[in-house]
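Scroll down for the structure; my scribbles are underneath it.
Computed from a prediction, not measured in an experiment: that's the story for all the values here. Just so it is clear: chains get the letters A, B, ... in the order the sequence lines come, proteins before strands, and each one is counted from 1.
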Amino acid sequence: MQLPALWFVLHAFGASLGIAVMGAVLFGGKALGGAAPTPGGGAALASGPCRCPAARRTGVATLHGISTSPPSGLLAAGRTVAVMVTLTPPRPAAPAVVQSPAPVAAGLLDRRAMAGGARAIAPWLVGFGLYGLVVGMAAGKAGIPALAGWLTGPALFSGGAQVATIDLLDAGAGPVVVVATALAVNCRLVVYSAAMGARWRDTPRWWRALAAAVLVDPTFAVGDERYRQGGDPAAAHAHYLGAALALGATWLTASAVGILAAGRIPTGLALEFVIPLFLAGEIARKPGTAASRRAWVVATVVAVVAADVPGHLGLLTAIAAGTAAALVIREDRP
Amino acid sequence: MSAFVVIVAAGAVSYAFRLAPAALVDRVRSIGRLDRAATYVVPATFAAVAAGGVLARAEAGAGALAALPPLAAVLVAIAAARRTGSSLAAVAAGLPTLWALTAVAGT
């Protein structure tokens with residue numbers, strides 16, 4: 001375990017001789033330390049956020065002193081390690097955290113990239129703002145506490161699942177039916193999550209936990225587009241999160257306004273129809289490949305045919321059928 | 001059972017749906033295939049949700065012509081999006097079409 005970790009450290013620090021010697025002392029000390037290693041051993045190898053230029057460049061784990069003085073650069077980090085090896089008194093063992101590939105920590109919350117994500121999702125915000133308004137109106141009219149209606153937003157973060165949950169609670173359905181229906185509507189998120197997880201492999205767990213909470217159709221679409229452009233992974237992650245936070249803020253605000261305005265907005269406006277229109281527009285505005293055309297055509301047909309499938313499974317069936325039909329085509333043709 | 005408890009329970013399991021595949025993806029070897037599938041999940045999902053919305057609107061209306069306004073509105077929206085390259089234009093063109101035809105058809 002120590003040798004790969006040492007290689008990572010040397011790589012991150014440009015493999016200078018002084019650092020190499022310190023690294024040898026560091027890991028040799030840990031190996032010999034046995035039952036009571038000092039924090040200057042493997043424990044100093046942390047996977048937490050690091051803003052060191054080398055770490056940003058290489059994307060591997062770096063040495064962070066568990067001292068009170070944060071490293072201000074490569075040499076500073078090296079000095080911190082050296083001080084810990086020689087001066088730090090023995091403490092209980094802490095586990096060495098070495099991950100491969102090491103988490104991309106720096107830049108995950110980069111404001112410029114997040115602002116870029118917020119701009120990218122801006123066209124969606126109009127449609128989903130109106131949709132959030134409609135969901136809020138449904139919650140406001142239902143026979144459940146207004147706060148409970150609004151809580152479906154942060155809890156489920158999916159318009160379809162929220163409307164279904166509110167309707168069923170209003171109709172007095174049992175808890176199992178409500179939860180199962182919300183899950184059936186949200187089944188597609190499993191596919192989104194699996195696809196995004198491949199891109200999020202290098203992120204810390206806290207970031208994945210946060211990103212997964214706001215994973216829904218628009219954030220997946222905007223994030224997917226940015227990830228396909230390539231470039232700095234951390235910037236792409238921040239782009240996704242910026243888009244998600246913008247959508248979340250809009251959605252929850254619109255839902256709250258909808259609850260407060262329930263009964264004042266005429267239902268004849270059919271604002272809930274904004275979403276089918278917007279999604280149809282999203283499909284139509286891009287030329288797409290033969291495979292993607294096959295995906296949406298098959299999904300449309302199956303969605304209509306399977307509309308009456310019990311348990312709200314028609315939607316999932318349609319998505320699976322459309323995706324499978326597209327995958328049959330081996331090469332994308334224009 | 002309180003509505004709050006049911007909503008929180010639904011939210012917790014829904015969150016597990018979102019998180020589990022992403023957390024377990026390290027154990028999946030065929031990432032390339034997943035990535036390729038993700039390309040088509042988006043148009044398939046959008047189409048399925050849009051079709052479901054049109055169907056729901058058609059079923060909510062009364063009379064034999066109930067399906068006409070939402071269908072025509074979606075077709076107008078698609079034409080607007082193709083012409084302008086903007087999804088907002090689709091909404092701007094489709095929604096008034098729905099209102100107008102709903103009023104004319106009396107559905």
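B:Ala47 and A:Trp296 get closest at one heavy-atom pair: CB-O, 3.4 Å. Nearest heavy-atom pair across A:Trp200 and B:Ala22 is CE3-CB, 4.0 Å. For the residue pair A:Asn186 and B:Phe17, the shortest heavy atom distance occurs at O-CD2, 3.9 Å. Nearest heavy-atom pair, A:Val179 versus B:Val6, reported as atom, atom and distance to 0.1 Å: CG2-O, 4.1 Å. Closest heavy-atom contact between B:Gly94 and A:Leu277: C-CD1, 3.6 Å.
For A:Thr165, there are no side chain to side chain donor-acceptor pair (under 3.5 Å) partners at least two apart in sequence or on another chain. Partners of A:Thr300 under the side chain to side chain donor-acceptor pair (under 3.5 Å) rule, at least two apart in sequence or in another chain, do not exist in this structure.
For B:Leu19, the parts sitting under 4.5 Å from any heavy atom of chain A are the backbone and the side chain alike. Using a 4.5 Å cut-off between heavy atoms, A:Pro145 contacts chain B through its side chain alone, with no backbone atom that close. For A:Gln162, no part lies under 4.5 angstrom from a heavy atom of chain B. Residue A:Phe157 touches chain B through both its backbone and its side chain, counting heavy-atom pairs closer than 4.5 Å. Using a 4.5 Å cut-off between heavy atoms, A:Leu156 touches chain B through backbone and side chain atoms alike.
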**Step-by-step side chain to side chain contact (heavy atoms under 4.5 Å, CB included) determination, A:Val216 to B:Arg18** = CA-CA 9 Å; A:Val216 72; B:Arg18 285 180 160 104; 4.2 Å; yes

**Request:** Give the intermediate values and the outcome of side chain to side chain contact (heavy atoms under 4.5 Å, CB included) for residues A:Tyr192 and B:Thr45.
**Result:** CA-CA 10 Å; A:Tyr192 287 171; B:Thr45 303; 3.3 Å; yes

**Message:** The test is side chain to side chain contact (heavy atoms under 4.5 Å, CB included); show your working for B:Ile7 and A:Trp150 and say whether it passes.
**Reply:** CA-CA 10 Å; B:Ile7 290 167; A:Trp150 182 83; over 6 Å; no

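Contact count against chain B (heavy-atom pairs under 4.5 Å) is highest for A:Leu269 among A:Val176, A:Leu269, A:Leu215, A:Leu147. For the set B:Ala10, B:Ala9, B:Gly52, the count of heavy-atom pairs under 4.5 angstrom toward chain A peaks at B:Ala10. Of the listed residues A:Gly127, A:Ala270, A:Ala318, the one with more heavy-atom pairs under 4.5 angstrom with chain B than any other is A:Ala270. Options B:Ser86, B:Ala73, B:Ala48 differ in how many heavy-atom pairs under 4.5 Å they form with chain A, and the most are formed by B:Ala48. Counting heavy-atom pairs closer than 4.5 Å to chain A, the top residue among B:Pro43, B:Ala90, B:Ala77 is B:Pro43. Ranking A:Val302, A:Ile283, A:Leu130 against chain B, the residue ahead of the rest is A:Ile283, based on heavy-atom pairs under 4.5 Å. In terms of heavy-atom pairs under 4.5 angstrom with chain B, the leader among A:Ala280, A:Pro123, A:Ala182, A:Ala213 is A:Ala213. Of the listed residues (A:Ala303, A:Gly322, A:Ala321, A:Pro276), the greatest number of heavy-atom pairs within a distance under 4.5 Å of chain B belongs to A:Pro276. The choice from A:Val274, A:Leu183, A:Ile144 that makes the most heavy-atom pairs within less than 4.5 Å of chain B is A:Leu183.
Under a 3.5 Å cut-off, the side chain of B:Tyr15 and the backbone N or O of A:Ala212 do not form any donor-acceptor pair. Listed for the A:Arg285 side chain is no donor-acceptor partner under 3.5 Å among the backbone atoms of B:Ser87.
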